[in-house]
Number of protein chains: 2
Amino acid sequence: MPSLTKKAETFTALVLEVFQLNGLLLQAGDRLSAPAGLTSARWQVLGVIDHGPVTVAAVARTMGLARQSVQQTTDALASDGFVEYVDNPNHQRAKCVSLTAAGRRALRKVEQAHAAWAERMGASLGPGVLAAAVEGVREARLRLEKDLNPEEGSHEE
Amino acid sequence: MPSLTKKAETFTALVLEVFQLNGLLLQAGDRLSAPAGLTSARWQVLGVIDHGPVTVAAVARTMGLARQSVQQTTDALASDGFVEYVDNPNHQRAKCVSLTAAGRRALRKVEQAHAAWAERMGASLGPGVLAAAVEGVREARLRLEKDLNPEEGSHEE
DNA sequence: GTCAAATCGACAGGAACCTGTCAATCTACC
DNA sequence: GGTAGATTGACAGGTTCCTGTCGATTTGAC
C-alpha cells in the first residue's frame with residue numbers, strides 16, 4: 001500500500017465493502033428466486049418486462065447492461081416458458097418480449113419472498129444507518145459515473 | 001411492487017445502488033489496471049501474492065473466492081509472466097505462487113494509479129458522507145452475512 | 001504404522017457479464 | 001425516393017465467477 005491518505009483509505013474501504021456486499025446480495029437474490037425456478041439475473045429481467053412488453057434492447061438500456069447479455073438471459077427465459085416473443089407493430093425484426101402466465105406467476109412468487117426479505121433486512125438496520133448508506137453509495141456512484149465518463153448529460157453515445 | 005414498507009423500500013434502493021456502484025467500480029478497476037497489462041481480478045490476486053509466496057488455495061481463502069476461480073486467474077498470470085510457481089517445502093503438489101520482477105513492476109504501477117484515483121474520489125465525496133457510506137454498507141453486509149448463514153462464528157465450515 | 005478425513009491441483013461444464021462484427025431494418029435528411 | 005446513419009438481433013469468442021468430481025497428498029486419530 002503506497003501510503004494512502006486517510007480519505008483515499010476510507011474510499012478504498014468502501015470499495016472493498018461494496019464488492020463483498022454485492023457478492024452477498026447476488027447470493028441472497030439467487031436464494032430468493034430459486035424456489036420459483038429463477039436466478040437473480042432472470043428475475044431482474046422479468047421485473048422489467050412486467051412493466052409491459054418491450055424489446056430486448058430496451059430492457060438492456062433500462063438495466064444498464066449490454067444488449068447481448070440481456071438477449072442471452074431472455075432466450076433462456078423463453079426456452080423455459082417464462083416469456084414469449086410477440087410481434088412488434090413498430091419493428092419487423094425487433095420483437096417484443098412479454099410475460100407468459102407462468103412467468104407472471106414466478107415473478108409474483110419471487111416478489112413476495114423479496115418483500116419479506118427486504119422488510120426483515122430493513123428492520124434490522126436502523127433507519128438512520130440505512131438512509132445514510134443509500135445516500136453515501138448514491139453519491140459515490142454519481143461521482144464515479146462522472147469520473148469514468150465526463151461530458152455526458154442524458155444522451156449515452 | 002407488492003406494497004413494500006418504507007424500510008423495505010429504502011433497503012431495496014440500497015441494493016440497486018450497490019449493484020450499479022459495483023459495476024462502475026469493476027469498470028474503474030479495469031481502467032486503472034489496463035495500462036499495466038492487468039485486469040481488476042488479476043490485480044487483486046497479484047496484491048495478495050505480494051504479501052509473500054502463498055498457495056493458490058490460500059489466496060482463494062483470503063479473497064473469499066472459490067479455489068478454482070483463483071487457480072484460473074493465477075494460471076493466466078503465470079502464462080503472462082507476472083507470477084511463477086515455486087516449490088513449496090511443506091507440500092509436494094501444492095506449489096507456492098510468487099511474483100516475478102515483471103509482476104512486481106506491474107503491481108506497483110497499478111497501485112500508483114489506484115492511489116491517485118482513490119485520493120481523487122475520496123476528496124470529492126466529503127468525509128462525512130464517505131464515512132457514513134462505509135459504516136452503512138458494512139452494517140448491511142454484516143446483517144446479510146448473518147441472514148444468509150446463521151450459526152457461524154469464526155470457523156467457516 | 002495405518003487408515004480416514006481434509007486439503008490440494010486438475011478438469012469439465014455452466015452462468016452471467018463483456019466486446020466485436022455482421023446483415024437486416026428503421027429513421028432522418030436531402 | 002434514395003441514401004447515410006443508427007438501431008437491432010444473431011453469432012463468435014473471451015473473462016470471471018460458480019459447482020461438482022477426480023486422484024494425489026498431507027494431516028490426524030488410533
Side-chain angles (χ1 to χ4, degrees), chain A residues 19-20 22-31 33-34 37-46 53-80 83 85-97 148 155-157, chain B residues 19-20 22-31 33-34 37-46 53-80 83 85-97 148 155-157:
Chain A
F19 281 159
Q20 290 196 40
N22 185 75
L24 293 171
L25 287 174
L26 286 179
Q27 200 180 327
D30 282 342
R31 195 173 296 191
S33 48
L38 294 173
T39 63
S40 279
R42 296 177 189 194
W43 161 30
Q44 284 170 40
V45 169
L46 277 195
V54 279
T55 64
V56 167
V59 175
R61 274 192 300 271
T62 300
M63 298 179 66
L65 296 180
R67 208 172 64 244
Q68 295 84 338
S69 310
V70 176
Q71 185 77 55
Q72 198 170 9
T73 302
T74 306
D75 287 346
L77 283 170
S79 88
D80 285 352
V83 303
Y85 293 101
V86 301
D87 280 346
N88 182 350
N90 302 323
H91 201 299
Q92 282 194 356
R93 201 145 175 272
K95 301 203 171 166
C96 285
V97 188
L148 281 170
H155 63 302
E156 317 258 327
E157 117 286 4
Chain B
F19 281 159
Q20 289 196 41
N22 185 76
L24 293 171
L25 287 174
L26 287 179
Q27 200 179 327
D30 282 342
R31 195 173 295 193
S33 48
L38 294 173
T39 63
S40 280
R42 295 177 191 195
W43 161 31
Q44 284 171 40
V45 169
L46 277 195
V54 280
T55 63
V56 167
V59 174
R61 274 192 301 270
T62 300
M63 298 179 65
L65 297 179
R67 208 172 63 244
Q68 294 85 337
S69 310
V70 176
Q71 185 78 55
Q72 198 170 8
T73 302
T74 305
D75 287 346
L77 283 169
S79 88
D80 285 352
V83 303
Y85 293 102
V86 301
D87 280 346
N88 182 349
N90 303 322
H91 201 297
Q92 281 193 355
R93 202 145 176 273
K95 301 203 171 165
C96 284
V97 188
L148 282 170
H155 63 303
E156 317 260 327
E157 118 287 1

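Here is how names work: the chains are called A, B, and so on, in the same order as the sequence lines, proteins then strands, and each is numbered from 1.
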Distance, rounded to the nearest Å, where [X] contributes [atom1] and [N] contributes [atom2]:
{"X": "B:R67", "N": "D:dA24", "atom1": "CZ", "atom2": "C1'", "value": "12 Å"}
{"X": "A:Q71", "N": "C:dG20", "atom1": "CD", "atom2": "P", "value": "19 Å"}
{"X": "B:D80", "N": "D:dT15", "atom1": "CG", "atom2": "C1'", "value": "13 Å"}
{"X": "B:N90", "N": "C:dT7", "atom1": "CG", "atom2": "C1'", "value": "14 Å"}
{"X": "B:R31", "N": "C:dT19", "atom1": "CZ", "atom2": "C1'", "value": "15 Å"}
{"X": "A:Y85", "N": "D:dA10", "atom1": "OH", "atom2": "P", "value": "7 Å"}
{"X": "B:D75", "N": "D:dT16", "atom1": "CG", "atom2": "C1'", "value": "14 Å"}
{"X": "B:Q27", "N": "D:dT16", "atom1": "CD", "atom2": "C1'", "value": "16 Å"}

When you compare the side chains of A:S40 and A:D30, does any donor N or O come within less than 3.5 Å of an acceptor on the partner? yes
side-chain contact (heavy atoms from CB on, under 4.5 Å) evaluation trace for A:V54 with A:V97: CA-CA 5 Å; A:V54 279; A:V97 188; 5.6 Å; no
Considering non-hydrogen atoms only, spot the tightest contact between [X] and [Y] and give its length.
{"X": "A:R67", "Y": "A:A60", "value": "CA-CB, 3.7 Å"}
{"X": "B:L148", "Y": "A:L24", "value": "CD1-O, 3.6 Å"}
{"X": "A:V83", "Y": "A:T74", "value": "CG2-O, 3.9 Å"}

Is it the case that the base of D:dT8 and the side chain of A:R93 share a donor-acceptor contact (distance under 3.5 Å, atom types as modelled)?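 In this structure, the two groups form a donor-acceptor pair.
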What does the inter-axis angle of the helix from C:dG1-D:dC30 to C:dC30-D:dG1 come out as, five pairs per end, nearest 10 degrees? 20°
Give me, pair by pair, the N or O atoms of the protein and of nucleotides 12-17 of chain C that are less than 3.5 Å apart, along with how far apart they are.
from: C:dA16; atom 1: OP1; to: A:T39; atom 2: OG1; distance (Å): 2.5
from: C:dA16; atom 1: OP2; to: A:R42; atom 2: NE; distance (Å): 3.3
from: C:dA16; atom 1: OP2; to: A:R42; atom 2: NH2; distance (Å): 3.2
from: C:dC17; atom 1: N4; to: A:Q72; atom 2: OE1; distance (Å): 3.2

Could you tell me whether the side chain of [X] and the main chain of [Y] form a donor-acceptor pair under 3.5 Å?
{"X": "A:S33", "Y": "A:G29", "value": "yes"}
{"X": "B:N88", "Y": "B:A94", "value": "yes"}
{"X": "A:T62", "Y": "A:A58", "value": "yes"}

Of the candidate nucleotides C:dG9, C:dT25, D:dT26, which contains the atom at the shortest distance from the side chain of A:H91?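 Closest of the options to the side chain of A:H91: C:dT25.
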Mind checking the CZ-OG1 spacing from A:R61 to A:T55? Nearest 0.5 Å is all I need. 6.0 Å
Below 4.0 angstrom from OP1 or OP2 of C:dC8, is there any side-chain N or O of B:R61? yes
Would you please confirm or rule out a distance under 4.0 Å between OP1 or OP2 of C:dA24 and any side-chain N or O of A:Q92?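 The answer is no; no side-chain N or O of A:Q92 sits under 4.0 Å from OP1 or OP2.
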